[in-house]
There are 2 protein chains.
Amino acid sequence: MKAFTVGQVARRAGVGVETVRFYERQGLLDEPERKASGYRQYGGGDVAVLRFIRRAKQLGFTLREIKALLALRLDGSATRSDVRAQAAAKLADIGAKIRDLQRMRDALSVLTAACHGDGPATGCPILEALDIPEDDGPGGDDHAPARPRRTER
Amino acid sequence: MKAFTVGQVARRAGVGVETVRFYERQGLLDEPERKASGYRQYGGGDVAVLRFIRRAKQLGFTLREIKALLALRLDGSATRSDVRAQAAAKLADIGAKIRDLQRMRDALSVLTAACHGDGPATGCPILEALDIPEDDGPGGDDHAPARPRRTER
DNA sequence: CTTGACCCCGTACCAAGGTACGGGGTGTAG
DNA sequence: CTACACCCCGTACCTTGGTACGGGGTCAAG
């Protein structure tokens, strides 16, 4: 029977010892058996779980979501469509992030293209585009947080 | 001379009062004049800076980077290419993030496509792909952190 | 002069995902 | 027996970008 210490299991999974303890505290990894000395004793399954966590993290899942996936894995009544639902949600999530970033990139590259030459930074279109002149009109309270507010004195 | 209180400047810029104080602490916003009572007094330029910060955040700049951009804006010796350099770095940064997310998305959608039917979750390709069998070979210490380590006992 | 909305300050707290520290016990090779 | 590496535990700390809290002062209207 192979039994690993926390350091061995960490090394096999490619994470740090503190991380293993952290995952245990977060409920991602079951509390292992202990030796008489109090040392944690892990088996091959624990290495698999740690690697699972690593891969899922690489796919963009949060620890909270990974915890749910691990629960599905052990839940006999869970179906594939449960797993697919998680994956689809994460795909939507990733897609939204990609679109956000693409919008940022496009806006910024337009600005960068408009900024040529080597004059003083003061007139640079990038800074100018950011530097919005003060809109002092009477309806100028755009984007104000939704909280109690008096009329401006 | 228009002088605003912190609440007024916050409302005009579309941020919270606490956020204005926070930006001041972070050095993004200069410490304003004070009235005898200690109340901060802002002018139109401060509103512009706060709006600048908002826009730059939308473009994906961190507060640290925005601080640098604000410094460039005021630095007479800064050139447009200084600004372009910042923008280019951020573009590279955003591009890298997009590619990371695209890789995640592709990997996950391949898995999702492979998981069909409605059987027990146990056999689902998504979970199986994550659940890496233990590679117990002699060279099996991949991805170990670079720190002092004894040979495995 | 009271009320209510606003302002002051410092400090604590939130999410996420760990990392580090310090004081102590264990395990084993030499 | 002595090293030395490893393990235990709890707690504090880190990053980013704020948000919340509590106790107190200020300002303008009624």
Side-chain angles (χ1 to χ4, degrees), chain A residues 3-29 31-42 46 50 53-54 56-68 90 93 97 143-153, chain B residues 3-29 31-42 46 50 53-68 90 93 97 144-153:
Chain A
F4 307 124
T5 67
V6 67
Q8 289 166 343
V9 83
R11 237 174 287 131
R12 278 166 191 262
V15 299
V17 168
E18 301 294 333
T19 305
V20 174
R21 297 211 311 119
F22 174 71
Y23 288 163
E24 181 181 317
R25 282 201 298 280
Q26 300 299 315
L28 282 114
L29 196 58
E31 296 195 15
E33 300 290 308
R34 301 290 187 123
K35 282 201 257 192
S37 60
Y39 281 27
R40 290 171 178 79
Q41 271 188 304
Y42 295 96
D46 297 303
L50 286 171
I53 295 170
R54 248 177 30 124
K57 264 162 49 69
Q58 284 167 9
L59 288 177
F61 289 95
T62 64
L63 294 190
R64 183 182 302 274
E65 290 160 346
I66 294 168
K67 192 173 170 183
K90 182 47 61 180
D93 209 78
K97 279 192 187 123
H143 302 289
R147 40 168 119 169
R149 180 200 316 166
R150 284 213 268 169
T151 51
E152 206 149 280
R153 326 171 234 199
Chain B
F4 306 124
T5 66
V6 66
Q8 288 166 345
V9 83
R11 237 174 286 133
R12 277 166 192 263
V15 299
V17 168
E18 301 295 332
T19 304
V20 175
R21 295 212 310 120
F22 174 71
Y23 289 162
E24 181 181 317
R25 282 199 300 278
Q26 299 300 312
L28 281 117
L29 197 57
E31 298 196 12
E33 301 289 308
R34 303 289 188 124
K35 282 199 257 192
S37 60
Y39 280 28
R40 289 170 178 80
Q41 273 188 305
Y42 295 96
D46 297 304
L50 286 171
I53 295 169
R54 255 184 18 131
R55 304 280 277 202
K57 263 161 49 68
Q58 284 167 9
L59 288 177
F61 289 96
T62 65
L63 294 190
R64 182 182 304 273
E65 291 160 346
I66 294 168
K67 192 172 169 183
K90 182 48 60 179
D93 207 79
K97 279 192 187 121
R147 41 168 120 171
R149 180 199 319 167
R150 282 213 267 167
T151 51
E152 205 149 284
R153 313 173 238 199

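Side-chain atoms are counted along with the backbone in the values below, which use heavy atoms only and exclude waters and symmetry mates. Here is how names work: the chains are called A, B, and so on, in the same order as the sequence lines, proteins then strands, and each is numbered from 1. Quick caveat: nothing in here was measured; it's all calculated off a predicted structure.
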5′-ward residue of the pair Phe22(A)/Ala36(A) relative to DNA chain C: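 So the residue in question is Phe22(A).
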
By nearest nucleotide on DNA chain C, pick out whichever of Thr19(A) and Val6(B) is the more 5' one.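 By nearest-heavy-atom nucleotide position, the 5'-most residue is Val6(B).
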
In this structure, how many angstroms lie between the [atom2] atom of [N] and the [atom1] atom of [X], rounded?
X	N	atom1	atom2	value
Arg34(A)	dG25(C)	CZ	P	17 Å
Gln58(A)	dG17(C)	CD	C1'	15 Å
Leu50(A)	dG18(C)	CG	C1'	14 Å
Leu29(B)	dG17(D)	CG	P	16 Å
Lys67(B)	dG17(D)	NZ	P	12 Å
Arg11(A)	dC7(D)	CZ	C1'	12 Å
Gln8(A)	dA5(D)	CD	C1'	12 Å

Residue that, paired with Ile53(B), satisfies side-chain contact (heavy atoms from CB on, under 4.5 Å) out of Val20(B), Thr19(B), Leu28(B):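 So the option named by the test is Leu28(B).
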
Between Tyr23(B) and Arg40(A), just flag the one whose closest nucleotide in DNA chain D comes earlier from the 5' side.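 Its nearest nucleotide being more 5', the pick is Arg40(A).
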
Set out, line by line, the N/O atom pairs under 3.5 Å between protein and nucleotides 12-16 of chain D.
{"residue": "dT16(D)", "atom": "OP2", "partner": "Arg64(B)", "partner atom": "NH2", "Å": "3.4"}

Counting only heavy atoms not in Gln26(B), do more than 12 sit closer than 6.0 Å to its CD atom?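 Yes - once you tally the heavy atoms of other residues, nucleotides and ligands closer than 6.0 Å, there are more than 12.
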
Can you confirm whether more than 12 heavy atoms, excluding those of Gln58(A), are under 6.0 Å from its CD atom?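 Yes.
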
Please lay out, stage by stage, how Ile66(B) and Tyr23(B) fare under the test side-chain contact (heavy atoms from CB on, under 4.5 Å). CA-CA 11 Å; Ile66(B) 294 168; Tyr23(B) 289 162; over 6 Å; no

Respond yes when some side-chain nitrogen or oxygen of Lys57(B) is under 4.0 Å from OP1 or OP2 of dG18(D), and no when none is.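 Yes, within the criterion.
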
Any Arg54(A) side-chain N or O less than 4.0 Å from OP1/OP2 of dG17(C):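 Checking Arg54(A) against dG17(C): no side-chain N or O falls below 4.0 Å of OP1 or OP2.
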
Of all the heavy-atom pairs spanning Phe4(A) and Val9(A), show the shortest one and how long it is.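 Minimum heavy-atom separation between Phe4(A) and Val9(A): CB-N, 3.9 Å.
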
What closest approach, in Å, do Glu24(A) and Pro32(A) show between heavy atoms, and which atom pair accounts for it?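 Of all heavy-atom pairs spanning Glu24(A) and Pro32(A), the closest is OE1-CD, 3.6 Å.
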
Any chance you could lay out the side-chain contact (heavy atoms from CB on, under 4.5 Å) test for Phe61(B) and Lys90(B), step after step, and finish with the verdict? CA-CA 7 Å; Phe61(B) 289 96; Lys90(B) 182 48 60 179; 3.6 Å; yes

Going through the checks in order, is the side-chain contact (heavy atoms from CB on, under 4.5 Å) test met by Gln41(B) and Arg34(B)? CA-CA 6 Å; Gln41(B) 273 188 305; Arg34(B) 303 289 188 124; over 6 Å; no

side-chain contact (heavy atoms from CB on, under 4.5 Å) assessment of Leu29(A) paired with Tyr42(A): CA-CA 10 Å; Leu29(A) 196 58; Tyr42(A) 295 96; 4.2 Å; yes

Strictly under 3.5 Å: I want the nitrogen or oxygen pairs between protein and nucleotides 21-26 of chain D, one per line.
{"residue": "dG25(D)", "atom": "N2", "partner": "Tyr39(B)", "partner atom": "OH", "Å": "2.7"}
{"residue": "dT26(D)", "atom": "O4'", "partner": "Tyr39(B)", "partner atom": "OH", "Å": "3.2"}

